[in-house]
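Take a look at the structure below.
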Amino acid sequence: MITVDSILVAMAAVVSVVAFFGACRKIEKSINEKHDNQQKWDGYEQSIKQIKEEQYIITECMVGVLDGLHQLNCNGKVTESREKLDNYLNKRAHI
């Protein structure tokens with residue numbers, strides 16, 4: 001026999017199940033967001049590493065070019081630039 005009490009108990013059970021799955025979905029969404037953020041950060045770290053490698057190569061090339069020009073007795077701006085670059089690299093090495 002169906003009574004008001006049995007209907008209320010059934011509705012309470014349905015609401016409880018829906019609330020439980022809703023909470024599970026929120027937890028899943030939170031975990032997925034944290035995972036996505038970590039993957040983005042990993043991508044940023046990789047990009048930063050690549051940029052640093054490129055800057056290192058460019059700096060080494062600049063040192064080579066300035067040294068070569070200095071050896072060819074190109075003075076003035078070449079000597080000044082070479083000294084500025086050497087000073088900058090020395091400061092960065094001791095930070």
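In this chain, numbering begins with 1 at the start of the sequence shown. Worth knowing before you read on, the calculation uses all heavy atoms, side chains too, and leaves out hydrogens, waters and symmetry mates.
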Within a strict 4.5 Å, meaning less than it, do heavy atoms of the W41 and E45 side chains meet? yes
Applying a strict under-4.5 Å side-chain criterion to I, L, V, M, F, W and Y, I'd like to know whether I58 and V78 cluster together. yes
What residue pairs, at least two apart or across chains, pass side-chain hydrogen bond (donor to acceptor under 3.5 Å, both in side chains) with a residue in residues 7-23? none
Which residues share a side chain to side chain donor-acceptor pair (under 3.5 Å) with Q71, sequence neighbours left out: none
D86 vs L66 side-chain heavy atoms within contact, under 4.5 Å: no
When hydrophobic residues are tied together by side-chain contacts of less than 4.5 Å, even through go-betweens, does V17 share a cluster with F20? yes
Report yes if the side chains of D42 and Q38 come closer than 4.5 Å at any heavy-atom pair, otherwise no. yes
Once rounded to the nearest 0.5 Å, what's the spacing between atom OG1 of T59 and atom OH of Y88? 7.5 Å
What's the separation between atom CG in L85 and atom CD in E80, rounded to the nearest 0.5 Å? 12.5 Å
Report yes if some heavy atom in the side chain of Y56 is under 4.5 Å from a heavy atom in the side chain of K52; otherwise report no. no
Let me confirm one number: the OG1-NE2 distance from T79 to H70, rounded to the nearest 0.5 Å. 5.0 Å
Nearest-0.5 Å distance, CG of residue D67 to CG of residue L72: 11.0 Å
Can you run down the salt bridge (Lys or Arg N to Asp or Glu O under 4.0 Å) pairs that involve residues 12-33, sequence neighbours left out, and say none if there aren't any? R25-E28
So if I apply the side-chain contact (heavy atoms from CB on, under 4.5 Å) rule between D5 and each of T3, I2, I7, which one comes out positive? T3
